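Chain naming here is simple, since letters A, B, ... match the order of the sequence lines and numbering starts at 1 in each. Please read these numbers as outputs of a predicted model, since none were measured by experiment.
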There are 2 protein chains.
Amino acid sequence: MGDITARRAMRADARRNRDRLLSEARAAFLEHGTDASLEEIAARAEVGVGTLYRHFPTREALLETVLRERFDALAAAARRLVDSRSAREALIAWTGDFVETTTVYRGLTAALTATLRDRTSALHASCEAMREAGTTLLIRAQEAGDVRADVTPMEFLALVAGVSWAREQMAGGELRGDRLLPLLFEGLERLG
Amino acid sequence: MGDITARRAMRADARRNRDRLLSEARAAFLEHGTDASLEEIAARAEVGVGTLYRHFPTREALLETVLRERFDALAAAARRLVDSRSAREALIAWTGDFVETTTVYRGLTAALTATLRDRTSALHASCEAMREAGTTLLIRAQEAGDVRADVTPMEFLALVAGVSWAREQMAGGELRGDRLLPLLFEGLERLG
DNA sequence: CCGGTAACCGGAGGCAGTCTCCGATTGAGT
DNA sequence: ACTCAATCGGAGACTGCCTCCGGTTACCGG
């Protein structure tokens, strides 16, 4: 749902335009963050705005299609990590991936938390799946005694998202982005 | 600087309009967050947009006037806390105030970090003063051995801002807002 | 009390962005 | 080749930001 995956194959021109739009959208999101101008995307794809809005009724629908792959990959990574390495390392690795993913486009972290809150959103399902996958990893780490047991999955996600947001805010400043996550993590480790 | 504090007293109507604008701005920011419509604020103050923009040339100038008191109070609180209680408790108390303050208006945390980055902003001075006050508190806590010594002030601020942001995002959901800060804090305590 | 003038007001209008609507166009079956 | 449903494209309605300047008014000196 959201975009067009009709039973009938799309007409050739429609398919062409859709692909072109997605490609330009990726570029625009990279350059201007998640609130890049949709008109500009349409223009760069050499297509009218009407065409853009028919393929992707809302900005979110467009974002969804651009991001779904990554999010699903993240969920898959979590599932794969469940039975490899130590629980602690698995959680660390996955969290790193999470931050990496939510940092590709400026403003993405905000879009993600908004999606998590809005049950009607097109991206909601993907986010939810990802969240649950991460939750499993957290609980395993807690059972292994690597992370303090009184942290709820929601709290954990909030903290990690906060770090991700902070990193994207302070980018370019006098702050090494890769320091925040370890700091948080070492703090959540079970105290001696 | 930023708003009008001319040497000559303002004309009565000007003063009246300015006060009215500030009052409505506070209400609007509360209701719609920091990107409330300026036109609506002007309308609610029964004044033309031109009048609003003359008194406050940019949205930021308006925000500044609305927030300066609070920010200065925060900086003052930090200075007062420097020589009372334990260093640890002082830092905790101040950080709590910080989060409290940046949570009054939705979007304020983002506005604050943006201001911290933009040296030309009207709010910059206030933010900077506040940041330095907080820094003093952090260093004292580190010297007392209450907080791990390898955390830079910038990192500390980033983490706290991240928590503040997360709290404002997840508001209303299944997350107790007052849990995040303690979690972060206990984590930053010197490991035994 | 009464100008005169500097200070102030207000909203029209330019700009940019989002989104809708519908006449024109075109791909794809027959 | 012909048809028509699918698709296109952009005009236009709307909202918000910000500027500009002709009209208004508070205040001061007379």
In terms of side-chain geometry, is the basic nitrogen of A:E46 or A:R20 positioned less than 4.0 Å from the acidic oxygen of its partner?
-> yes
What integer distance in Å separates B:L21:CG from C:dC8:P?
-> 14 Å
What integer distance in Å separates A:M10:CE from D:dA5:C1'?
-> 15 Å
If we ignore angles and hydrogens, is there a donor and acceptor under 3.5 Å between the side chains of B:E60 and B:S121?
-> yes
Under 4.0 Å protein heavy-atom contacts per nucleotide of nucleotides 8-19 of chain D, with B for base, S for backbone only and - for none | BBBB----SBBB
Rounded distance (Å) that lies between atom C1' of D:dT7 and atom CG of A:L52 | 14 Å
Under-4.0 Å salt bridge between B:R176 and A:E155 = no
Answer yes or no: is there an ion pair linking A:R131 with A:E128, defined by an N-O contact shorter than 4.0 Å?
-> yes
CA sep, side-chain torsions, deciding dist, call: A:S126, A:E64, side chain to side chain donor-acceptor pair (under 3.5 Å) | CA-CA 9 Å; A:S126 267; A:E64 186 215 356; 5.8 Å; no
